[in-house]
Structures are given as structure tokens and as C-alpha cells.
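Report on the following structure.
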Amino acid sequence: MGDTKHRPDKKMQAKASISSEKSTALGLLFSADEAAAKAFLDRCEAEGLTGILVRASYEVRMPAKLAGATVRQPMDYLSPEACDALHEKVLAWQEKLPSVRLGSGVRLADWSAGDNHPAPLWAWIATLTPYVQVTMRAVLLFAAIADQEKPAAFDCLGVSGDAAWLAPLAVKVFEQANIEPRFWGQPPARPARVLPWPRIRTPKIDYRPVRRRASYLRVIAALEAHERQARSLGLGGFKGHAVLIMRGAKGVEWLVSPQTGRPAFLDEYSEGLPEALAQACRDRHWRLTIIYEGPKPVADGYRSLAETHPSFISELAGPTFGGLASQLRVPAREQYEPAVARLIADRAFRKAFVFDGVDMFDQFSDYLARSILNLSVLMTSQSETWEKTFEILKPNLVLGGRLEAKPWINLAASRTGARTVSIKLGIGDEMTPSILARRPDGSHETESQPDALAVWGEHQVEHLRRRAPTYGGDIKALGRTRSDTFVRATNALDHARIREKLGLAPSSPVIVWAATCRTRWGLWPNQTAGSAVLSPDSWETAFKALVKLAVRRDAQIVVRPHPVDDMAFIADQIKRHGKGRAIFSAGRQGTPNIELLSVSDILVSGVSSMFAEAILSNCVAVNLWSPEISLIYETSRFDHYSEVSEAVRSAREMEQRIDALLDSPENYAAALERARANLPRYFGGIEGDNASNTAVWALETTPIKAPQETEPAAEALA
């Protein structure tokens, strides 16, 4: 072997030679390094050993030319039940962490670096949860491999790329089982040991000089000027004041409404809420302020609600008040930096990251240092920004999508006396981590949480009450607001125009392939594309099966990836295997789901809220669940989504099920009827009034401490 790149490290080779009594050699693949894999197998053959290659992660693509090699997958060693149990362990870890008592004697839940605006613990613990799950499952996997294979040594192969961070963790787990590692090429570097920081006193930052700056005062003046102008237009003297928080131009899709002919923006976080809340406020004599966290959405022909109803609706955009946060970042960072450094070096804190006897802290130290610091600064600067804004606007109600992920808004609302209602997205355990904050006495951390959660269906109410029993707020099933758009517009869409826009034939069957290859849920700091939902191999196998079916049935495939998916990989797959049958429709500048699904016959995806959209578009959904999905999502999610879709577990079964549906109008109609009957339990109402119900409930459950001085004039509400 003349290639020195793939020779074993000499020092490790001497230490980790395989005993002649052992017949199995194990090679863990951390990248698709064909040369390293082949060199490993050649050596095994020369030494009379059976070489087993194990994919260390589903993010790793298998080398193409390994004929005759024994190759095993992660889920060959783990069961879905073991993966489900891991969800419980992750949540238990998150709930326990705030009670850790630091070296100073202070419990972690009370750690605040001396600030008057301490970051609620869950703000960064919840952010860390996906990484903890990814790391815990790797510990579980490597321990299972070591236990089942019992090799004398194992080889780390292809230690490079997105999965390289797993190699030091594998070494820890295998060494714990007294199995020595050896490396082909350069051994993976162990993370540097974090040395204790010197005892630096946390400065008590005085924010008063910042608040006297001209730049800070200009932002306050702009907010006050907005409020004076609003009141001059008749926006005073109302019974209540509602604030709706939206993402703004970021994350918005545009659709030309078939009812009005004008552009309407689609935003899953709060779709349909502006119009519904405007109507509810008008009926109940409330005023409404719409706050965009970014720039206002703009499109040719679009007329905002504030322009349409200036007598009781006004708008604010992020640039108007965001300057407050920028003024506070530097002093907040100066205050938190030494405190975070001491926290990271605290032995009790580090010990909290031991799982099944394996110290995971090295995997997190750099990320933790950045994350806790950045989120603490963000909490301090943003909570003051929103608190000042609410002090000026004086809202009774703050409503928005996913407010549980924005603790600074909830904290500011709580301190200024406003009630918060969050529109909660999701159907499974991804809903849970951000509302699990506990204080050391076991009570729920409420100040940074919404007062109420508006969820999709009764299933979510039951799920959250079971998984987060200490959450003290209201949880109400009010339906997915995005469903309203599909109920109202689907039958009015111009199908011929949409097919022409997409480049589809006038009448051929259409299959939407929307399975997620990668997700940023579980994105490790050094990764570029996140954790695999469908592995690259499974995605490719299923896509090739769909293309084969499309050729046979003269059908067309529209590939619709998730916005954070691995676009380069998907584009390459279409180029290599599409055979002219596949169209790539991605991004918010593409065709909205409502148009795409209205001309489609079958949607194929997994654990996707698009299932509800397909059903409301009279399109049958097929739920493809490959074994590797169990590493990311709990098994119950497959069962729940299968209530509103056709469940399959392989590409072959998927192909057969689609054939059966397209061959029989009766089977197709029965599948659609079953899914539609089950839809309300998971996604709420299908009558087109979810947004209206959410708006009315939010207003009617908001207490008004004292009525405004005067009633609005009747003409002001016209």
C-alpha cells in the first residue's frame, strides 16, 4: 500500500493490533472515503479477519464500490423502542439541568450574572436539546455496536466532513468497553481540555448612560411619534388594544388571491391572522397594531390592513424599534462574558453532561460558551426593546406565532401587564422542549412563557398536558390557521394556469415528492446541512422508484424540498435520475403549496404538515417512514401522521400503494375520506374558520383591567 494517507498511524498501530484470537475487525465509516474502506478490507483479508463496515451516521453516504463487503447500518443495532426511550432521557435531562448546584452554591436556575434581566434557562437549554439528542443517540449506538460485535479493536475510517465530530465520541465509548481504537490516516483530534478560568469578578454594568444616548432616545421618540400619530387617526378610546407579531418580509410567500385578485402573503406562523384579528377587533371595539419583526411585506398591488383601515389599525416594522437592542449589546456582552466563562469551567455544570458514563461535555464546550453568551445578551437587549415598546403601546394582548421561542417578548409583556397567546406549531415532541422550564422548587418558569397556547387539534392538547404537566397556561385546540387558505381558495384556483406555470402536461398524473433529506433540527455546529431524516441512500432509492413509476404511468414528479433541505444533493439527484420526469420547485419564490397541491394527485413525504394541505386539496398523502427516521422522531409520530395518510415503510411498498391508488378511483376516494375524517383531531377544523376562532378566543379570554376613557366613534370603525 503506497498511499500513506490511508496507512494506520504507527503509534496507534502498535497499541491496537488485533488479537489473533479474534475473527472480527470493525471499521466505522465517518465519510464516504472509498480508499480508506478498501484499504481496511484488504488488510482484514491479509490478516484472515472478517471485516465489518458500519456507517457511523446516516449523514454518511456509502462508498459506491464495496462489492462483497459486509456493511451495516445504525438501525441494525438500535430498535425504534430504544430510540423512543431516548426522547424521554433527553427531556428528563433538560428538566433536571436547572437544579444543578454550581460551585458557588447557586442553583443553575438562579444564575443571572447579576443582571436585572436574567435569561430564562430554557432559552439556551432548549436550543441545546437537539444537539444533546444527537450526541446521546451516538453514545447509545456506539455502545450497542461494541456490545454486539465485541471486536478486539475498531478502525476509524474517513474521519472528515460533517460526521467527523462523532469520531472522538466513538473513541470514548469503545475505550470504556476496553476496545482500543486505531486510525487510518490522521487520528481525530481530541477536543482541547477546557481549563478553569481565573476568578474574574462579573462587572455590574450600569445601563443608564446607554439609555441617555441620543441614538437610544431617537428610537424611543420614533415609537412615541408612531403612537401619537395612531391616536390622531382615531385610535384612542377603544375597549382594548391587541398587538399581532409577525415575521414580516422574511419567510413570506405570495399568492394572488382567487377571491380578490390581489396579492396575499402566506406565513404559516400566523397565516390569516391579520384579517381575522382585524375583524374581531372591529366587532369588539379594539384597536390593532401589527408589528413586523423584520421589514414590512411589500408586493406590487398589495395594500396593507393599516392602509385599508387606518382608523383602528396601525403597523410597526422592526427597523423602527430594533435600534434599542443594538445600543445594549456591547454592555450586556461585557457583563455576561466573564460569568459565562466561569459557568463553562464549573465542575458541577460539566458533570451534568455525562450520559451512560460517557462525558459529552467536550462535544459541547465551545458551542455552550458561544450559545449561552449570545442568548443571554439577546435576552437582555431584546427584552428591554420589547418592554419599552409595550410601555408606549400599552397593549392588553400580544398574539403571535411561536412566542414560546421568543422569551424576551413574553417577559416584556408580563412586565407591562399584557397577556400573551402563542400559535403553537407541531404535532409531536418537537413542541415540547421550549415549555419545559422548571425552577429549582419544581414550579414552572412562567414569566418568559406565553400565557396561552393556541394549538392545532385535541391531540396536541393531550400531548402537551402529558409531556409538560407543569405548564400552567391555557392550551386550546383552535385549528391550523394555514388550513383556512386551502379551504377557501383550492376550488377557485385556475388549474390550467398553474400547470402551465409549473411546466406540467395538461392532464398527466402529478406526484409531489416532498420527503425531507436533511433537517436543521439536530444541526451540529460544524455541520453544513444538519441531521438526516431520510438518509441520502433512502432518498435516492425512493426517488428512483418514483421516477420508474412515473415513466410507466406517464406521470410527472414535482420535487418540493423543505426550505432548509440539502438543495445541492437534491438538484444533483434530479439531474442524474430524473429522466425528464422530475421538476424542481423549491424556495419561497417558487409555486406555493396551495397551487402545487391543487393540481397534484399524490403527495409523498414523511412526518409532514403538508399532509393536511394535501387532504384539503383533495390529494392523497403517502407517509414514507424509513428505519433511520426513528433516530430523529418518536415512533408515535408515524402512527399519528398515518391517521391522515397512507403509511408505507419502504420504496417498494410506496410504489405499490401509489399504483393501487391511481388504478382504483374507489380506493383513492376511500383513502381521502378516511384521512379527512381523522384530520380534525390532529390539525383542527376544516371549515375555514380556524384563524377567526383563534382571534376571537384570544380577545375574549384577555382580561381588561380598566376600560378606556371614551368609546370609539361609530364612523371610526366603518
Side-chain angles (χ1 to χ4, degrees), residues 214-235 241-255 262-278 281 286-329 378 381-395 397-403 405-406 408-413 416 418 420-423 481 588-589 695:
S215 51
Y216 184 96
L217 295 174
R218 277 196 296 269
V219 178
I220 298 295
L223 285 167
E224 291 173 339
H226 169 273
E227 185 65 6
R228 285 195 302 271
Q229 182 182 15
R231 289 184 176 277
S232 72
L233 293 173
L235 300 189
H241 182 191
V243 165
L244 174 65
I245 297 174
M246 302 190 68
R247 291 188 292 177
K250 183 180 179 181
V252 167
E253 288 182 287
W254 290 95
L255 172 74
R262 295 203 305 265
F265 62 88
L266 311 178
D267 178 3
E268 183 179 10
Y269 286 10
S270 48
E271 192 157 315
L273 254 298
E275 296 80 6
L277 195 56
C281 285
W286 282 50
R287 62 172 288 200
L288 170 62
T289 301
I290 300 173
I291 298 181
Y292 301 106
E293 293 181 275
K296 294 180 182 179
V298 177
D300 291 339
Y302 172 68
R303 184 174 170 83
S304 72
L305 286 171
E307 293 171 316
T308 307
H309 305 291
S311 61
F312 72 104
I313 301 177
S314 63
E315 290 183 330
L316 269 174
T320 303
F321 58 90
L324 292 180
S326 63
Q327 302 291 319
L328 297 164
R329 286 189 194 114
L378 184 68
S381 58
Q382 288 290 335
S383 61
E384 172 151 340
T385 296
W386 287 95
E387 189 171 339
K388 293 297 182 185
T389 301
F390 292 157
E391 282 176 356
I392 293 169
L393 297 182
K394 296 180 175 57
L397 166 70
V398 177
L399 175 65
R402 299 185 70 179
L403 292 186
K406 301 167 185 175
W408 39 85
I409 292 178
N410 302 304
L411 181 62
T416 55
T420 49
V421 176
S422 176
I423 302 165
T481 59
R588 294 187 172 90
Q589 284 66 47

- Message: Strictly distance-based, threshold 3.5 Å: is any side-chain N or O of T481 a donor or acceptor partner for the main-chain N or O of E271?
- Response: yes
- Please name the pair of heavy atoms, one in P263 and one in W254, separated by the smallest distance, quoted to 0.1 Å. CB-CE3, 3.8 Å
- Message: Can a donor-acceptor pair be found, under 3.5 Å and without considering hydrogens, that links the side chain of K394 to the backbone of E391?
- Response: yes
- Message: Tell me whether the count of non-hydrogen atoms from other residues, nucleotides or ligands lying under 6.0 Å of CD in Q229 goes above 12.
- Response: no
- Pairwise side-chain contact, E315 with S304, heavy-atom cut-off 4.5 Å (strictly under): yes
- Item | pair T308-I313: side-chain heavy atoms closer than 4.5 Å | no
- Any side-chain heavy atom of F321 within less than 4.5 Å of one from T385? yes
- Message: Quick check for you: to the nearest 0.5 Å, what is the distance between S381 atom OG and Q327 atom CD?
- Response: 11.0 Å
- Query: Looking at CD1 of I290 and CE of M246, how far apart are the two atoms once the value is rounded to the nearest 0.5 Å?
  - Reply: 7.0 Å
- Message: I need the F312 CZ to T289 OG1 distance, nearest 0.5 Å.
- Response: 11.5 Å
- Query: Is there a side-chain contact between R287 and S314 (heavy atoms, below 4.5 Å)?
  - Reply: yes
- Message: If you compare all heavy atoms of P274 against all heavy atoms of S270, which two are closest, and at what distance to 0.1 Å?
- Response: CD-O, 3.6 Å
- Query: Distance from I392 atom CD1 to R228 atom CZ, nearest 0.5 Å?
  - Reply: 9.5 Å
- Message: I want to check something: taking the side chain as every heavy atom from C-beta on, are H226 and L393 in contact at a cut-off of under 4.5 Å?
- Response: yes
- Hey, mind stepping through L273 and D267 against side-chain contact (heavy atoms from CB on, under 4.5 Å) and telling me if it holds? CA-CA 10 Å; L273 254 298; D267 178 3; over 6 Å; no
- Do the non-hydrogen side-chain atoms of Y216 and L324 ever get within less than 4.5 Å of each other? yes
- Task: Could you tell me whether the side chain of T420 and the main chain of N410 form a donor-acceptor pair under 3.5 Å?
- Result: no
- At their closest point, which heavy atom of A412 faces which heavy atom of E387, and how far apart are they? CB-N, 3.3 Å
- Test item: I291 and V398 side chains (from C-beta on) under 4.5 Å apart, heavy atoms: no
- So does E227 pair up with R231, basic N to acidic O under 4.0 Å? yes
- Item | V243 to P395 - nearest heavy-atom pair and separation | CG2-CB, 3.6 Å
- Message: For the OG1 atom of T389 and the CG atom of L223, what is their distance to the nearest 0.5 Å?
- Response: 4.5 Å
- Item | Closest contact, heavy atoms only, T320 versus L316 | CG2-CD2, 3.7 Å
- Residues R247, V252; criterion side-chain contact (heavy atoms from CB on, under 4.5 Å); working and verdict: CA-CA 8 Å; R247 291 188 292 177; V252 167; 5.8 Å; no
- Item | Atom of G294, atom of P319 and distance for their closest heavy-atom approach | O-CD, 4.0 Å
- Query: Rounded to the nearest 0.5 Å, what separation is found between the CG atom of L397 and the CG atom of L288?
  - Reply: 9.5 Å
